[in-house]
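In what follows, every chain begins at residue 1, and chains take the letters A, B, ... in the order their sequences are listed.
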Number of protein chains: 2
Amino acid sequence: MQIESVTNEAPTATNVSPMGRLLPLTPNLSLPGFFMGFARNEEIFGEEEPADFVYKVASGAVRTTRFLCDGRRQIEAFHLPGDVFGLERGEVHRFSAEALTNCQIMVIRRSALDRAVERDCAAARELWVLTSQDLERIQEHMLVLSRKNAAERVASFLLKLADRRASDIVELPMSRGDIADHLGLTIETVSRTMTQFERDNVIALPNTRQAILKNRAALLAA
Amino acid sequence: MQIESVTNEAPTATNVSPMGRLLPLTPNLSLPGFFMGFARNEEIFGEEEPADFVYKVASGAVRTTRFLCDGRRQIEAFHLPGDVFGLERGEVHRFSAEALTNCQIMVIRRSALDRAVERDCAAARELWVLTSQDLERIQEHMLVLSRKNAAERVASFLLKLADRRASDIVELPMSRGDIADHLGLTIETVSRTMTQFERDNVIALPNTRQAILKNRAALLAA
DNA sequence: CGAGCGTTTGAACAGCGTCAAAACAAGTGG
DNA sequence: CCACTTGTTTTGACGCTGTTCAAACGCTCG
């Protein structure tokens, strides 16, 4: 990993503090921070490590994961540009985060966030909204995990990605194994399901890291 | 349902406002509110209804649920005394809530909470903590749903209830069907799994609404 | 005592996981 | 440019776990 300069311009006395320049954690809340670059598969932070920073994806993609004691893995979420991750209530991270692709990550000191929230109720509200959105997203995912079958899970996943990108051409920065560990399935089932969708002319798979939605209705019904 | 007087004492001019007396939403945040009683199976609020109130269990137990379009049900959580539920970011409830048993519910107007949070950063933080705890709880549950088998799911469930009550004698205010819809299983599988635990002397089932943990280690290993 | 639920139990079935091998993709070094 | 390696994805055969369907059992309450 490597600390990156934010822009093409060289840093100046006005836009760089010892904590870095002001960066938008949300559209309404900017805090001093800096950027870091991570290479594909590099760890951004580990489970149980001190949660001294909050992160936001500037470019690339990230996964947050945790493990059961016997090694079974769960991927809590995939984070795309604009997503905030690594925000904790306690002292340590409850997930680890790894780069899915080479990526640029905005890094903000948690102490700076804490201070902003102590004096500014609007900032405090922004923080609450961030966490609420996380909660809503994950409640949606819980429904998928508890009550949907393999085809429905993969369909939901593809549709969510397409909605985020606002396009029927979906880039898949994650491996089949990552998708499986996110959906509570096996690699083989994910692969078989996608191939079946392709045979049924519901999607096209020009290569393993790209899917094109050809029949949204069929995916919704799946 | 029926609006209840809070205590044995009659309300007085000092502890009752038009909004009700001050009630502790959390130990550190009290707001004007009132109590309501609900009968077993009575609906407290419905999905898509305006989220004008926040609720806290005073006594009894509550479930929050949602449905897939074809009727498959998911129980997001069971709420026991002290638990806050029905707190939303948006305008409407994203779950419905029903009384599992006869229960007393503390009801606080959301507008009162909003106002408190606008002027008081400490209150705003309390709100964030509430939502964060929800998120943490549900992330834990997600791991159960995505990567654990039937025996492990039921074991986690019993252990969590026992931890909450700080006792090896676990009251089960919910039906087998409720447990099934919470754990992403069927009634039959829940029943079979519990009977098997009983046969293996891991738990005792004096009746259908009570379980006694006899071998915590076996449950943890399950 | 009988009706109506919820729960338990059984038998058959199916969906998904497991294991194994083949196909494919992406580098690496000759 | 090709042979070789390594890791990922696909495909196939098989078996287990959990579902489905059906029936029996046991509460609770008229």
Do A/S96 and A/E98 have side-chain atoms, one donor and one acceptor, less than 3.5 Å apart?
-> yes

Nearest whole Å is fine: how far is [N] [atom2] from [X] [atom1]?
X: A/L183; N: C/dG15; atom1: CG; atom2: P; answer: 19 Å
X: B/R72; N: D/dG18; atom1: CZ; atom2: P; answer: 18 Å
X: A/N207; N: D/dT8; atom1: CG; atom2: P; answer: 16 Å
X: A/L185; N: C/dT18; atom1: CG; atom2: P; answer: 11 Å
X: A/K148; N: D/dT19; atom1: NZ; atom2: P; answer: 18 Å

Which side-chain N or O atoms in residues 86-93 of chain A pair as donor and acceptor under 3.5 Å with protein atoms at least two apart or in another chain?
unit_1	atom_1	unit_2	atom_2	d
A/E88	OE2	A/R94	N	3.1
A/R89	NE	B/E136	OE2	3.0
A/R89	NH2	B/E136	OE1	2.9

At a cut-off of 3.5 Å, list every protein nitrogen or oxygen paired with a nitrogen or oxygen from nucleotides 9-17 of chain D, distance to 0.1 Å.
unit_1	atom_1	unit_2	atom_2	d
D/dT9	OP1	A/R176	N	3.4
D/dT9	OP2	A/R176	N	3.3
D/dT10	OP1	A/R176	NH2	3.4
D/dT10	OP2	A/R176	NE	2.9
D/dT10	OP2	A/S191	OG	2.7
D/dT10	O5'	A/S191	OG	3.1
D/dT11	OP2	A/T195	OG1	3.2
D/dG12	N7	A/R192	NH1	2.9
D/dG12	O6	A/R192	NH2	3.4

B/F95 six-ring centre to B/R66 NZ/CZ under 6.0 Å and within 45° of normal | yes

Give a yes/no verdict on a cation-pi contact between A/R63 and A/F78, requiring under 6.0 Å between NZ or CZ and the six-membered ring centre and an angle within 45° of the axis.
-> no

Ring centroid separation A/Y55 to A/F45 under 6.0 Å =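 Yes; A/F45 has its ring centre under 6.0 Å from that of A/Y55.
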
5'-most by nearest nucleotide on DNA chain C - B/R40 or B/R147 =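 Going by which nucleotide is closer to the 5' end, it is B/R40.
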
How would you list all residue pairs meeting side chain to side chain donor-acceptor pair (under 3.5 Å) that involve residues 149-161 of chain A, not counting sequence neighbours?
->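 Sorted pair list: A/K148-A/S156, A/E152-B/R72.
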
